[in-house]
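The structure appears below as structure tokens.
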Amino acid sequence: MPHHQQRVVIFTDFPGWHGKRLTKAFAKRHITSQYLSLNDCYFDLNSATGLQIPTFTDCLPDGVFVRGIAGGTFEQVTVRLGILHALKAAGVPIYNDVRAIERTVDKSMTSFLLYRAGIPTPATVVCESREQASHVLHTAFARGEEMVLKPLFGSQGKRLLRLKAGDSLPAGELYNHLYYLQTFIPCANTDKSGNTLAYHDWRVFVINGKAQAAMLRHSQHWITNRAQGASCRASALDPELIKLAESAAQTINVDYAGVDILRDKAGQAYVLEVNGVPAWQGLQGVCKQDIADCLVDDFVLRYLSPYSQAHAVL
């Protein structure tokens, strides 16, 4: 019986550096991968599978690696997620799982789940009412606190707004009339080794519930995302950071995640975000292990190997 050549789809609209690393990692394991956009897939109940996935005629991929879901109207995003749900229902393994992606794309649900699990995370209010949001803001100002306004579906530090006493909320349409407000936490001035730092936090990369690598991100600006100009350097996997990052990833139930953690001036650590489709180019630049290899190894071992498939049937 001829050996089945496994074919995997990498869903992304911008393959770039990450796509090339993943393709190379899959090729090492004799798995064919290709980039597709969810925008180009659709439901077709006249087809053998009920779906039309470009280049897959009367069959479905052996697996799916989600690197991105393009923004769009509510209807468009709903159908794109629906395609992932349909693939899962048809038995196609998805990495990260579609429900994990939904939980992490929606920052309010991430915050809620972290809070419910007792994982330290900044005080957060998410509401539609401008009046309620203004009340939250003024109450925080009265306590001497600052707030950060974030877009619910934002990433890479884009459109974050730090609000201080006397500031007002921006026009509602700029944030789709949804206010995700989080208490601003001033970070410590030094790391645990006593090195003087400006603004900084940690990104811990977790795969299958285990912290694999970490980096410290620092900047002269309070937004510490690499995409916003922050510098990255290798960081030892501090036991406290490991525990927090792994607990956060397990709480959200993700295959892999980039967990952002900040320590306040008293040394208390907080999980800021759990990224379900994290970039790792900055991390790769400061760590020895090949992150794409680690991701693909985990994906193949748990979802694509004969052993994992046999147990899935059982």
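Residue numbers run from 1 in the order of the sequence given. Only a predicted model underlies this, so the values are computations on that prediction, with no experimental measurement involved.
In this structure, F65 has its ring center at least 6.0 angstrom away from the ring center of F11.
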**Request:** Report the C-alpha distance between F299 and D255 in whole Å, list the side-chain angles of each, state the deciding distance to 0.1 Å, and finish with yes or no for side chain to side chain contact (heavy atoms under 4.5 Å, CB included).
**Result:** CA-CA 8 Å; F299 184 25; D255 290 313; over 6 Å; no
**Item:** Intermediate values then yes/no, side chain to side chain contact (heavy atoms under 4.5 Å, CB included), Y270 and D264
**Value:** CA-CA 8 Å; Y270 294 86; D264 67 13; 3.6 Å; yes
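Shortest non-hydrogen contact noted between L113 and T251 is O-CG2, 3.5 Å. Nearest heavy atom pair, residue V296 against residue L22, reads CG2-CD2, 4.0 Å.
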Mind listing the side-chain donor-acceptor pairs of residues 12-20 below 3.5 Å, one per line with the distance, residues two or more places apart or on another chain?
unit_1	atom_1	unit_2	atom_2	d
T12	OG1	F14	N	3.1
T12	OG1	F14	O	3.4
D13	OD1	S37	OG	2.6
H18	NE2	W280	N	2.9
H18	NE2	Q281	N	3.4

Side-chain donor-acceptor pairs under 3.5 Å in residues 131-139, sequence neighbours left out?
unit_1	atom_1	unit_2	atom_2	d
S134	OG	R130	O	3.0
H138	ND1	S134	O	3.1
T139	OG1	H135	O	2.8

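Criterion: ILVMFWY side-chain heavy atoms under 4.5 Å apart, direct or through other members. Under it, L36 and Y42 are not part of a common hydrophobic cluster. Both V9 and V79 are members of a single hydrophobic cluster when ILVMFWY side chains are connected at heavy-atom separations under 4.5 Å.
Between K150 and E273, at least one side-chain nitrogen of the basic residue sits less than 4.0 Å from a carboxylate oxygen of the acidic one, meeting the salt-bridge criterion. No salt bridge links D62 with R7; every basic N to acidic carboxylate O contact stays at or beyond 4.0 Å.
Cation-pi contact between R162 and F184: present, with separation from the ring centre below 6.0 Å and deviation from the ring axis of at most 45°.
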